[in-house]
Every structure is written in structure tokens, then in C-alpha cells.
There are 2 protein chains.
Amino acid sequence: MTGASFEYILRSPTLVEKVCQQLAAMLRVDPGHEAKLPAERELAVKLGVSRNVLREATKRLELQGLLEIRQGQGTRVVDRLHKPISASLELLVPKEKERMRQLFQVRYMIEPHNAQRAAQHATRSQMKRIEAAHDCLLAASNAEALVVADMEFHRAIADASGNQIARLLLESLAELREASHAKGYRGRTSDRTEDEHLVILTAIRDRQSEAARRAMEKHLLRASEDLGFSAQDISE
Amino acid sequence: MTGASFEYILRSPTLVEKVCQQLAAMLRVDPGHEAKLPAERELAVKLGVSRNVLREATKRLELQGLLEIRQGQGTRVVDRLHKPISASLELLVPKEKERMRQLFQVRYMIEPHNAQRAAQHATRSQMKRIEAAHDCLLAASNAEALVVADMEFHRAIADASGNQIARLLLESLAELREASHAKGYRGRTSDRTEDEHLVILTAIRDRQSEAARRAMEKHLLRASEDLGFSAQDISE
DNA sequence: TTTTCGTAACTGGTCCTACCATTCGACCAC
DNA sequence: GTGGTCGAATGGTAGGACCAGTTACGAAAA
């Protein structure tokens, strides 16, 4: 039976995996689920597994950004899918500056497309959100608020682009940048940001996809200097 | 003291986290480390923690793609950093076809830049690898080998681009595509792939970065049809 | 001698119980 | 009210016992 076709025998997945799948399914199917999971001991009994197994499963889901576990407080359901991405990138490029450089490069690859797609597909409510973010930027009084409003602007555009993956990558970048910031490695937010955002915003509103793409490219190239990179670092 | 700056109090990290960090550090610092970790019981004693904690830590590192644990066999050190990315994307976009569409969109955003950068920076050995991949494609006799050679070509270019993050994303895409393939959802590999790859290869070799970028764009737009998408699906 | 095959000794997987550490809320003294 | 104290609930850690695959080695068969 040399020529016979052998079906792969799929090994019964470990208990932990089954529990993970079941929990993940519960979380996904019912996002309106109570934000808090039962206590470990209780949930373990309900699922018919030992507390050990249940713990390994929840730990795993925590790492995937689906749960948040805190001692004495319980286990909450969250939605932080970008967390594993950030963790991977930190492992992949340990050097902080180099990581930021590569991330900004990726941003330069992705965001102009986001702007282009947003110009083509943004709904009225998505458009409103982009505008609101821009208003926030104009109203921002301190450096903190500036960064938040800046990020929200880009986030809103990513959402409007309709590509969830691009959006997730952006979110991960934001997190890593914030982590760098917390450790004292900070850039600035140039005054020109407002004007450049306005150009992008206008292009998107007017459905000028090419203009939106180019405006975003320009903005990112200039903004890269705020973080201490040169345009060559990013675009070449 | 309204205006005072409150420093975040960093909570003492849990034991599991400490073990994770230590293990991760050991793996990173010493990649030539023995590919196999000591047995759980033994390692737990060495680290001075309970086997429970050690297990949760290794499970975590397994999910991050740094370890591979198999019953009766032991724990091996591996390098599959793209795995958590794939897992996240599967959670983010559960529908397979839609996920592939968005992934191909991202690919369309990233790979032309990769080609451009590769044309600018590829070393001689990187260039050789790209050429070797192309030769493989020409020599491929069955559909299986075609896909592998195709992927290797793109991978080689990503490596030559010098952006590890872009490379990681590509790797993740490949994995998800293969998973789809295994489940019966398969595309084809058009004959035109060879010619298009040759154009890209030539442009990179001749350091024509703009030409390389455009050739890659063209190639991806056409190849998207092999997977059942239209050019509009990808570029708009 | 060579091959086959069963067993023993690993390995990780699961379960159980007990106890520690943190959090939160109810209650009490001031 | 304000602040402190204590207890209940929660997750964190420990250690032991046993189950379930994997491997290696030696005995039995060819």
C-alpha cells in the first residue's frame, strides 16, 4: 500500500487547548457577555477540568489579549488583540530605536494606503470621527493630549479604510511608542502636524484618494523627523 | 499638588513573568543553546519555583513561538515568532476569505516597498538567494514546489529589504495561506508568475528601485486573481 | 547476526489540596 | 463624614500523585 493516501491522524488536542477554544468561542460569540468571568475555582468546576488546566488556558487567553487577570479582583474580558503583536515585535527587534525605525517604515508603507481607502470608502460617521479627532488636536493644550489626538486621527482613518489588519498594526505601533515614551524615550509633536492633518482630512472628505495618499506620505516623512529619524531612514 | 507628576507605581511582576523573562533572556542571549530544555521537574528545581509556575511560563513562551512542547519528548527551543501574529489575525478576522483578502491588501502595501528597498540595499549573498529562489521556481515540477519556491522568492526579497517586521508579516501570511490550503481552500499558481518574478529580479539586480517597486505591484495585482480576488479588491 | 517487540525509564499532561498575597467592601471607632 | 480594621473573595504559588505519550535498551525471535 505504498501508493495509498494516508490521512493525517489528528492528535486529540490537549485539554488546555480545548478549554481555550471553548472560552474563546464564548467570548467571541457573546461580546455582550458579562465583562467578568466566574472565579477560577468555580469556572474550573463548571468546565469539568482542574483549576490548573483552567489557569493555563486563561493565562494563554490573557497573552492573546482577550482576558485581563488581576489578583484579588478577578478575570475581566477585554479586547487587546494588538498586545501579542507588540510582544512579538519586541522580541523580534529588541533594540528600541531600531524597532521604532522599522515600525515607522511599516507605517509609511501602510498608512498612505489607509488614507487612500478611507477617501474611497469612509462612511459619514467614520468621516465625523476623523473630523472630531482633528478638532481634538486643535484643542489640545498639552503634549500629552497632542499625542493622543494625533494617534486617534490616524486610528480613525485606519478604521475607515476597512482593513482591520492594518488597523491592528497601527494600534500595536501606538502601544510600543507609548511604552518607549514611558521609559523616557520621547519625540515631539511638531506644529506642522495640524496643517498636514487638515490637508489629509480635506482630501478624504472630498474623496480625492490620490491626494489623500500623497498627503499622508508627506506627513509621515516629515513626522519621522519628530522621532529623530531622517526621511531617508523611512523611505529608503 | 494638582499639577504634580505622579509616577506609575510598578507592581512587582508575578513569578510567572519573572520566569518568562529569565527564560526568554537565556534563549535570546544564547541562540546556540542546547536546542532542548531540561525536564520540567528538573528546571523547576533549578529556578527555585514550583512546577506549576514553570509550566505556565513555558506555555506562554510556546504561544509566543519561542518553545515547542511535546509530551514525552521534551521542550525544544524554536524560532516561530510569526505564530502569535497568525493567531491574532485569525481571531481578528475569523472569516477565512475576508482574512485572506485583507492580508493580501497588506501584502500589496508592504511588498512593493520591500522590493524597492531590496533593490537599494541587497548584498551579494542576498541577491544570490533571490536568484536561487527564482531558479527553484523555474525547476519546480508540481504545484507544491511551485508554491514553496514562490514564497521563498518573496521571503528572500523581504530579508534583503532589511525590515524584519515586514518579513515577519509576510511569514505570517504564508502560514495562514498554508493553513487555508490544508483545509481545502486553495488558489493556483499562474504561469505568468515566472515572468513577473524575472522582471522583479532583474530590477533588483540592476538597482532599479522604482522599477522593482512597480514590478512587484503589478505582480501582486495579477496574482491576487489566482486567489480569487479582483485587482479592485486589493488596491481599492 | 539481524530484526522484532515488549518493557522500563524518561518526558509532559492532568488532577488535587493546601496555603500565601492582594483586593474590595462591610463594619466600626473617631 | 473620615479613616482604619477586618474578613471574604479572588488570583498566585507550592508540592505531591498519577495519567499518557515517547524513547531507548535489552530480550526474544528470525
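Here is the naming used below: chain letters follow the sequence lines, and residue numbers restart at 1 for every chain.
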Apply side-chain contact (heavy atoms from CB on, under 4.5 Å) to Ala160(B) and list each qualifying residue two or more places apart in sequence or on a separate chain.
Ala118(B), Ala122(B), Gln126(B), Ile130(B)
For [X] and [N], give me the distance from atom [atom1] to atom [atom2], rounded to whole Å.
X        : N       : atom1 : atom2 : answer
Glu56(A) : dG12(C) : CD    : C1'   : 10 Å
Leu54(A) : dG11(D) : CG    : P     : 9 Å
Glu68(B) : dG13(C) : CD    : P     : 12 Å
Glu17(B) : dG12(D) : CD    : P     : 10 Å
Lys59(B) : dG12(C) : NZ    : P     : 12 Å

Indicate the ring-plane relationship of Phe153(B) and His197(B), choosing parallel, tilted or perpendicular according to the 30° and 60° boundaries.
parallel
Report yes if a side-chain nitrogen or oxygen of Arg55(B) is closer than 4.0 Å to either non-bridging phosphate oxygen (OP1 or OP2) of dG13(C); otherwise report no.
yes
For dT14(C), take OP1 and OP2 only and decide whether either is under 4.0 Å from a side-chain N or O of Thr14(A).
yes
Phe104(B): which residues meet the ring-ring contact (aromatic ring centres under 6.0 Å, His included) condition with it, sequence neighbours left out?
none
Residues at least two apart in sequence or cross-chain that pass ring-ring contact (aromatic ring centres under 6.0 Å, His included) with His113(A), listed by chain then number, are Tyr108(B)
Rounded to the nearest 0.5 Å, how far does OG of Ser172(A) lie from CD1 of Ile165(B)?
8.5 Å
Distance, nearest 0.5 Å, that separates NZ of Lys97(A) from CZ of Phe229(A)
5.0 Å
Among residues 44-52 of chain A, which ones have heavy-atom contacts with DNA chain C below 4.0 Å?
Val49(A), Ser50(A), Arg51(A), Asn52(A)
Dump every N/O contact between nucleotides 7-10 of chain D and the protein below 3.5 Å, one line per pair.
unit_1: dT10(D); atom_1: O2; unit_2: Gly72(A); atom_2: N; d: 3.3

Throw together a table of side-chain donor-acceptor distances under 3.5 angstrom for residues 46-54 of chain B, partners on residues two or more places apart or in other chains.
unit_1: Ser50(B); atom_1: OG; unit_2: Asn52(B); atom_2: N; d: 3.4
unit_1: Ser50(B); atom_1: OG; unit_2: Val53(B); atom_2: N; d: 3.3
unit_1: Arg51(B); atom_1: NE; unit_2: Glu40(B); atom_2: OE1; d: 3.0
unit_1: Arg51(B); atom_1: NH2; unit_2: Glu40(B); atom_2: OE1; d: 3.1
unit_1: Asn52(B); atom_1: OD1; unit_2: Asn52(A); atom_2: ND2; d: 3.2
unit_1: Asn52(B); atom_1: ND2; unit_2: Asn52(A); atom_2: OD1; d: 3.4

Can we say Glu56(B) and Arg60(B) salt-bridge, meaning some charged N sits less than 4.0 Å from an Asp/Glu carboxylate O?
no
